[in-house]
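Residue numbering restarts at 1 for every chain, and letters A, B, ... go by the order of the sequence lines.
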Protein chains: 2
Amino acid sequence: MTLPERTVERLSEYRRSLLQCLEEGKTHIFSHELADLHHNTAVQVRRDIMFIGYTSMQRKGYDLRELVDVIGDILDSERGLNVAVIGIGNLGKAVTTYFVGKRSKLNIIATFDVDTTKIDRVISGVKCYPLSRLKEVVEAQQISIAILTVPADSAAEVTAQLVEADIKGLMNFTTVPLNVPPEIYLDEFDMITSLEKVAYFVKSPQN
Amino acid sequence: MTLPERTVERLSEYRRSLLQCLEEGKTHIFSHELADLHHNTAVQVRRDIMFIGYTSMQRKGYDLRELVDVIGDILDSERGLNVAVIGIGNLGKAVTTYFVGKRSKLNIIATFDVDTTKIDRVISGVKCYPLSRLKEVVEAQQISIAILTVPADSAAEVTAQLVEADIKGLMNFTTVPLNVPPEIYLDEFDMITSLEKVAYFVKSPQN
DNA sequence: AAAATATTGTTAATTAAATCACAGATTCAA
DNA sequence: TTGAATCTGTGATTTAATTAACAATATTTT
């Protein structure tokens with residue numbers, strides 16, 4: 001049984017709020033409280049939690065610790081997954097910095113670049129390899145996810161190499177739509193599109 | 001009449017492909033060709049184009065120039081919109097660099113930061129102001145969209161200032177869910193969520 | 001201990017988005 | 001010039017996601 005895509009996204013978000021609440025010393029949370037922390041309704045929260053099969057003590061709200069653990073069982077891999085950032089410019093550094101130090105099942109353990117001044121240095125806490133060693137390093141370090149933050153003009157080329165290196169999932173931050181075989185999970189985030197969408201809805205409000 | 005959100009996103013993406021085709025000297029494109037450039041079907045392309053009320057010459061495909069112009073009429077504001085980037089760290093720089101130099105109706109004309117070593121300098125081609133002058137500059141320069149790329153712990157605080165400054169649209173790149181009044185259009189992109197989603201679907205493929 | 005209240009879990013209804021299916025228009029081939 | 005082929009535009013259908021509605025259950029109040 002696989003969860004709806006949107007539910008997966010929200011669970012990831014819930015988890016961070018829940019951990020936050022735990023740190024603040026809370027032990028339980030109601031669906032409407034969790035909803036209020038996000039842009040969301042109590043029904044949606046309950047529906048999402050129903051999907052993962054967790055049930056609360058009636059009327060006490062959800063046990064924070066238990067719920068965090070159940071979400072972890074769903075989202076995390078037992079042993080964690082290794083991640084590489086391809087292209088360590090401003091965006092690559094930003095993404096890397098977000099993750100290093102966070103205790104997470106996703107470990108950014110390598111970055112790649114063509115810039116020889118970066119190679120073999122530690123950037124944002126992670127070692128940078130030459131792109132020419134991509135396949136070798138991906139295999140040796142069992143990297144299964146790549147984050148693509150290279151310039152647009154090399155995106156297609158690098159993607160071919162990632163496919164060749166047998167990557168399992170790819171997060172594309174370039175503005176180039178990529179073609180990968182269907183067994184590779186691909187998610188794309190396009191800044192230009194996002195911003196043009198904001199502009200459109202600023203111009204033409206919905207209601 | 002406002003368009004479906006997904007259609008708006010795709011139109012933004014189509015436009016860039018279409019401009020690319022124009023540069024390559026093409027004059028027309030079939031729906032299935034445009035679909036192939038994205039992760040998309042020909043029907044979806046035709047449906048999207050139907051929404052904006054453009055019709056092609058039957059059997060010749062869509063006229064690239066005309067279609068680009070019609071999409072522009074829908075997505076762009078007549079006079080363009082002014083945009084500010086709040087927080088000019090790695091992520092802020094990456095976003096800014098994406099946009100400057102591109103001929104677009106979205107003009108990044110200011111960045112803001114608290115770091116005094118950045119203030120009054122030109123970073124990624126755009127002048128950096130102190131965050132303390134946010135409201136003043138937003139009003140003076142008629143900035144209507146803000147891109148939020150500050151550290152998580154100052155996100156809520158800065159957002160309150162943006163609301164105060166009467167911003168119209170907000171693109172949130174921090175991992176903190178923001179609360180803004182409903183008249184402000186808010187779009188959020190959460191890197192951690194995106195990556196956790198990729199991890200989930202790598203672990204549990206859909207079919 | 002009965003009544004009122006608050007909260008969950010879930011079925012049913014609704015809405016939004018994507019896909020199917022096909023008529024109509026144009027071009028191409030013979 | 002007829003017939004086959006190709007492509008668009010759109011009504012009808014399906015699928016995915018959200019929201020409404022409410023019974024069941026626990027808690028609090030009186």
Side-chain angles (χ1 to χ4, degrees), chain A residues 1-14 18 21 26-64 66-67 70-71 74 177 182 187-188 193 197 200-201 204 206-207, chain B residues 1-14 18 21 26-64 66-67 70-71 182 187-188 193 197 200-201 204 206-207:
Chain A
M1 182 258 343
T2 69
L3 304 175
E5 191 160 332
R6 306 302 306 280
T7 294
V8 173
E9 292 180 9
R10 284 188 298 261
L11 289 173
S12 162
E13 285 159 18
Y14 297 161
L18 298 173
C21 291
K26 292 187 68 171
T27 61
H28 291 76
I29 192 168
F30 295 127
S31 58
H32 62 267
E33 291 178 301
L34 188 48
D36 288 347
L37 292 174
H38 299 268
H39 307 287
N40 206 169
T41 64
V43 200
Q44 183 71 78
V45 168
R46 297 203 300 275
R47 166 84 40 194
D48 289 333
I49 290 174
M50 191 186 118
F51 273 122
I52 62 175
Y54 178 68
T55 66
S56 71
M57 304 265 281
Q58 281 276 12
R59 282 267 323 191
K60 280 228 169 60
Y62 301 97
D63 182 295
L64 286 172
E66 285 179 15
L67 184 49
V70 175
I71 294 176
I74 301 285
D187 196 7
E188 312 208 303
T193 290
K197 185 173 72 163
Y200 173 81
F201 286 111
S204 331
Q206 289 295 270
N207 38 38
Chain B
M1 180 260 343
T2 69
L3 305 175
E5 192 162 330
R6 307 302 305 280
T7 294
V8 172
E9 291 180 8
R10 284 188 298 261
L11 288 172
S12 162
E13 284 159 18
Y14 296 161
L18 297 173
C21 290
K26 291 187 68 171
T27 60
H28 293 77
I29 192 168
F30 294 126
S31 59
H32 62 268
E33 290 177 302
L34 188 48
D36 288 347
L37 293 175
H38 299 267
H39 307 287
N40 208 172
T41 64
V43 201
Q44 183 70 78
V45 168
R46 296 204 299 274
R47 173 77 55 190
D48 289 332
I49 290 175
M50 191 187 119
F51 274 121
I52 62 175
Y54 178 68
T55 66
S56 71
M57 305 264 282
Q58 282 275 13
R59 283 270 322 193
K60 280 228 169 62
Y62 301 97
D63 182 294
L64 286 173
E66 285 178 16
L67 185 49
V70 175
I71 294 177
D187 196 7
E188 312 207 303
T193 291
K197 185 173 72 162
Y200 173 79
F201 285 112
S204 332
Q206 287 296 270
N207 38 36

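Side-chain N/O atoms of A:S31 include one lying less than 4.0 angstrom from OP1 or OP2 on C:dT8. For D:dT27, the OP1/OP2 oxygens have a side-chain nitrogen or oxygen of A:K60 closer than 4.0 Å. In terms of phosphate contacts, B:S56 brings a side-chain nitrogen or oxygen within less than 4.0 Å of OP1 or OP2 of D:dG9.
As rounded to whole Å, 15 Å separates atom P of D:dA16 from atom CZ of A:R6. Between A:H32 atom NE2 and D:dT19 atom P the separation is 18 Å, expressed in whole Å. Rounded to whole angstrom, the span from the CG atom of B:D63 across to the P atom of D:dT8 amounts to 13 Å. A:Q58 places its CD atom 15 Å from the P atom of D:dA23, with the value rounded to the nearest Å. Atom CG of A:L67 is separated from atom P of C:dT8 by 11 Å (rounded to the nearest Å). In this structure, A:M50 places its CE atom 12 Å from P of C:dA12, rounding to the nearest Å. Note: CD1 (A:I49) to C1' (C:dT10) measures 14 Å, nearest angstrom. One atom, NE2 of B:H39, and another, P of C:dT19, lie 14 Å apart when rounded to the nearest Å.
Residue contacts for B:F51: at a heavy-atom cut-off of 4.0 Å it reaches no nucleic acid atom on any strand shown. Using a 4.0 Å heavy-atom criterion, one finds that A:T7 contacts no nucleic acid atom at all.
Taking the nucleotide of DNA chain D with the nearest heavy atom to each of B:M57 and A:E5, the more 5' of the two is matched to B:M57. With DNA chain C read from its 5' end, the first of the two nearest nucleotides for B:D48 and A:A42 is the one closest to A:A42.
One cannot find a donor-acceptor pair under 3.5 Å joining the base of D:dT18 and the side-chain atoms of A:R47. Residue B:R59 places no side-chain atom within donor-acceptor reach of the base of C:dT27, judged by atom type and a 3.5 Å distance cut-off alone.
Candidate nucleotides C:dA18, C:dT10, C:dA21 were compared by shortest atom distance to the side chain of B:R46, and C:dA21 ranks first. Nearest to the side chain of B:T41, among C:dT8, D:dT10, C:dT19, sits C:dT19. Candidate nucleotides C:dT7, C:dT27, C:dT19 were compared by shortest atom distance to the side chain of A:F30, and C:dT7 ranks first.
B:Y54 and B:Y62 have tilted rings, their planes meeting at an angle from 30° to 60° on a 0 to 90° scale.
For the pair B:Q44 (side chain) and B:T41 (backbone), a donor-acceptor distance under 3.5 Å is absent. Side-chain atoms of B:Y14 do not come within 3.5 Å of backbone N or O of B:L67 as any donor-acceptor pair.
A salt bridge is absent between A:E13 and A:R10: the closest approach of a Lys/Arg side-chain nitrogen to an acidic carboxylate oxygen does not fall below 4.0 angstrom.
Shown here for B:A42 and B:A35, the closest heavy-atom pair between the two residues is N-CB, 3.5 Å.
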